[in-house]
A.B. asks: 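Can you keep this structure in mind? I'll have questions shortly.
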Protein chains: 2
Amino acid sequence: MAECEHDHDGPEGLSGHHLSHALHDAEDRCVRAGERMTQPRRRALELLLEAGKPMKAYDLIEIFGEDGRPAKPPTVYRALDFLAKLGLAHRIESLNAYVACEMGERNHAAAFLICDCCGATEEVEPFAPEKVQAAASKSGYIIEAVTVEAHGRCGACAS
Amino acid sequence: MAECEHDHDGPEGLSGHHLSHALHDAEDRCVRAGERMTQPRRRALELLLEAGKPMKAYDLIEIFGEDGRPAKPPTVYRALDFLAKLGLAHRIESLNAYVACEMGERNHAAAFLICDCCGATEEVEPFAPEKVQAAASKSGYIIEAVTVEAHGRCGACAS
DNA sequence: AGCATCTCGATACATTATATCGGTATCACC
DNA sequence: GGTGATACCGATATAATGTATCGAGATGCT
Ligand SMILES: [Zn+2]
Ligand SMILES: [Zn+2]
Ligand SMILES: [Zn+2]
Ligand SMILES: [Zn+2]
């Protein structure tokens, strides 16, 4: 980021009834998963959907209150963790940022193309690293580095 | 991590002439790349190689000085950034940690299996996310989440 | 009602990372 | 062998990011 200043306004986020629908769908999904869509969780998702791009936790914290007052950090971090757990949002580790999931399916592997120049990001189908450039070039991307991080349990801990 | 307490001592890092050789190789590679292997860079790599596992920046900072005194944060972060740029080490974003590269080739896509229980990590060949479980099960790993983050330049910025 | 569990708000704190600046080393060139 | 450009370093200060903890309220179950 900030390496060049191409000023490209990408596609923006949701508003109006698109937003309402997305929130309603999320609530459904939440209920089906046996979880509660509480007020802070809904608000966090609303902000991510409105933004339509990755947001830093502290940027959300600043604008969290409906009344314009910032939230306390744990409130927002808890909500974001919840959304990520449910698959409604993803954390992008290399940006320390969070973004609403654009795919419907639950618990899918997440993959992102991230422009280091302008900050644009795109959620894409997961792919093998050696196929990244081919996949990315459909969007004109030139990839410089790919990282794959798979979390789980090792042989010893799984047993 | 810290979810269970299987106490498995994994393979450890380098020492003695294994360490010296690795450092010497790194210096060669550095020179061939037209870069300088300075004292702080060498020291950072030495610590990563000795550890043989991912290390937090501030853990390195604590033990950085040959004389037992800690380093200043920018010293270590600069060295780590350099090592990562050269492909001698990787940053593991989801752990905020750094590890010496176990593969020889330069600028390869990095992929890691990370045990959330004991913290064991393993650098592996990059793979397509849908093949992760198959690949990982060779080591007994059970994968719960995979993320792919590809950095580069978007169509607009590349042009 | 009584109890377990989940969730929240608040305070305080911990961890991780960077901006900046002045000085030194290194190198290319003349 | 001087001179300027660049890369690198050490130090100070501060910014950005993330958590531990605790008491109170909400929710669901029997
Ligand atoms: Zn997604
Ligand atoms: Zn871009
Ligand atoms: Zn590697
Ligand atoms: Zn383990």
Side-chain angles (χ1 to χ4, degrees), chain A residues 1-3 26-27 30-45 47-48 54-86 88-99 116 119 149, chain B residues 1-3 27 30-45 47-48 54-86 88-99 116 119:
Chain A
M1 195 115 63
E3 296 205 5
E27 179 141 14
C30 211
V31 170
R32 284 197 304 276
E35 303 280 359
R36 303 182 220 164
M37 177 55 85
T38 62
Q39 215 282 323
R41 291 167 179 180
R42 179 194 317 277
R43 176 61 174 157
L45 181 56
L47 289 173
L48 290 182
M55 296 288 282
K56 301 277 208 168
Y58 272 78
D59 290 340
L60 297 181
I61 286 169
E62 285 311 309
I63 61 176
F64 202 80
E66 310 274 6
D67 52 1
R69 288 211 312 276
K72 312 294 180 184
T75 300
V76 173
Y77 279 102
R78 285 193 285 231
L80 291 170
D81 288 349
F82 173 84
L83 295 175
K85 189 181 73 178
L86 240 70
L88 293 168
H90 299 289
R91 173 174 166 84
I92 301 182
E93 298 286 354
S94 54
L95 299 179
N96 292 341
Y98 302 81
V99 66
D116 292 326
E149 301 182 11
Chain B
M1 193 116 61
E3 296 206 5
E27 179 142 14
C30 212
V31 170
R32 284 196 305 276
E35 302 281 358
R36 305 182 219 163
M37 177 56 84
T38 63
Q39 215 282 323
R41 292 166 178 181
R42 180 195 314 278
R43 175 62 173 157
L45 182 55
L47 289 172
L48 290 182
M55 296 288 282
K56 302 279 209 167
Y58 272 79
D59 291 340
L60 298 180
I61 285 169
E62 284 311 309
I63 61 176
F64 202 81
E66 310 273 7
D67 53 0
R69 287 210 312 275
K72 312 292 181 186
T75 299
V76 172
Y77 278 102
R78 286 194 282 229
L80 290 171
D81 288 350
F82 173 84
L83 295 175
K85 189 181 73 178
L86 239 71
L88 292 168
H90 300 290
R91 173 175 166 85
I92 301 182
E93 298 285 355
S94 55
L95 299 179
N96 292 340
Y98 301 81
V99 66
D116 293 326

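Sequence lines set the chain letters: A, B, ... in the order given, protein chains first and strands last, and positions in each chain run from 1.
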A.B. asks: So, does B:Thr75 get its side chain near the phosphate of D:dG10, meaning an N or O under 4.0 Å from OP1 or OP2?
C.D. replies: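 Yes.
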A.B. asks: Does the side chain of A:Asn96 reach to within under 4.5 Å of the side chain of A:Arg91, using non-hydrogen atoms?
C.D. replies: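 Yes, side chains in contact.
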A.B. asks: Taking protein heavy atoms under 4.0 Å as touching, what does nucleotides 25-30 of chain D look like 5' to 3' if B marks base contact, S marks sugar-phosphate-only contact and - marks none?
C.D. replies: --S---
A.B. asks: Any side-chain N or O of A:Arg91 under 4.0 Å from OP1/OP2 of D:dG18?
C.D. replies: yes
A.B. asks: Respond yes when some side-chain nitrogen or oxygen of A:Asn96 is under 4.0 Å from OP1 or OP2 of D:dG18, and no when none is.
C.D. replies: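 Checking D:dG18 against A:Asn96, a side-chain N or O does come within under 4.0 Å of OP1 or OP2.
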A.B. asks: Would you mind reading off the distance between B:Ile92 atom CD1 and C:dT16 atom P, rounded to a whole angstrom?
C.D. replies: 14 Å
A.B. asks: Answer whether the closest heavy-atom distance between the side chains of B:Leu86 and B:Glu35 falls below 4.5 Å.
C.D. replies: yes
A.B. asks: Give the rounded distance in Å between these two atoms: CD of B:Glu35 and P of D:dC9.
C.D. replies: 11 Å
A.B. asks: Rounded to the nearest 0.5 Å, how far apart are CD of B:Glu93 and CD of A:Glu149?
C.D. replies: 6.5 Å
A.B. asks: Would you say C:dT7 has OP1 or OP2 under 4.0 Å from some side-chain N or O of A:Arg41?
C.D. replies: yes
A.B. asks: Nearest 0.5 Å, what's the CG-CG distance between B:Leu88 and B:Leu80?
C.D. replies: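 If we round to the nearest 0.5 Å, B:Leu88:CG and B:Leu80:CG are 11.5 Å apart.
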A.B. asks: Between D:dG10 and B:Arg78, counting only base atoms on the nucleotide and side-chain atoms on the residue, is there a donor-acceptor pair under 3.5 Å?
C.D. replies: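 Between D:dG10 and B:Arg78, which were checked side chain against base, a qualifying N/O pair under 3.5 Å is present.
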A.B. asks: Tell me: CG of A:Asp81 to P of D:dT17, nearest whole Å?
C.D. replies: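 That distance rounds to 15 Å.
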A.B. asks: Just how far, in rounded Å, is C1' of C:dT7 from CE of A:Met37?
C.D. replies: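 So the CE-C1' distance, A:Met37 to C:dT7, works out to 14 Å.
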A.B. asks: Find out whether B:Val31 and B:Met37 are in side-chain contact, i.e. whether some heavy atom of one side chain is under 4.5 Å from a heavy atom of the other.
C.D. replies: no
A.B. asks: Send over the distance from B:Leu80 CG to D:dC8 P, rounded to a whole Å.
C.D. replies: 15 Å
A.B. asks: Starting from the 5' end of DNA chain C, give me the residue, B:Tyr98 or A:Phe82, whose nearest nucleotide shows up first.
C.D. replies: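 Closer to the 5' end of DNA chain C: A:Phe82.
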A.B. asks: It should be established whether A:Thr38 places a side-chain nitrogen or oxygen under 4.0 Å from OP1 or OP2 of nucleotide C:dC6.
C.D. replies: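 Result: no.
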A.B. asks: To the nearest Å, how far apart are B:Glu93 CD and C:dT16 P?
C.D. replies: 13 Å
A.B. asks: Just wondering, do A:Pro40 and A:Phe64 contact through their side chains at under 4.5 Å, heavy atoms?
C.D. replies: yes
A.B. asks: Write down the distance between OH (A:Tyr77) and P (C:dC8), rounded to a whole number of angstrom.
C.D. replies: 17 Å
A.B. asks: Rounded to the nearest angstrom, tell me the gap between atom CZ in A:Arg42 and atom P in C:dT7.
C.D. replies: 15 Å
A.B. asks: I'd like to know if the side chain of B:Lys56 and the backbone of B:Leu95 have a donor-acceptor N/O pair within less than 3.5 Å.
C.D. replies: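 Between the backbone of B:Leu95 and the side chain of B:Lys56 there is a qualifying donor-acceptor contact (under 3.5 Å).
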A.B. asks: Under a 4.5 Å cut-off applied to non-hydrogen side-chain atoms, are B:Pro70 and B:Tyr58 in contact?
C.D. replies: no
A.B. asks: For a quick test of reading the model: is some side-chain N or O of A:Lys56 closer than 4.0 Å to OP1 or OP2 of D:dT17?
C.D. replies: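 For D:dT17, OP1/OP2 do have a side-chain N/O of A:Lys56 under 4.0 Å.
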A.B. asks: How about A:Leu60 and A:Leu48: do any of their side-chain heavy atoms sit closer than 4.5 Å?
C.D. replies: yes
A.B. asks: May I ask you to list the residues of residues 58-74 of chain A, by number, that have any heavy atom positioned under 4.0 Å from an atom of DNA chain C?
C.D. replies: A:Lys72, A:Pro74
A.B. asks: If I take atom OH from residue A:Tyr98 and atom CG from residue A:Asp59, how far apart are they, to the nearest 0.5 angstrom?
C.D. replies: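 If I round to the nearest 0.5 Å, the distance is 12.0 Å.
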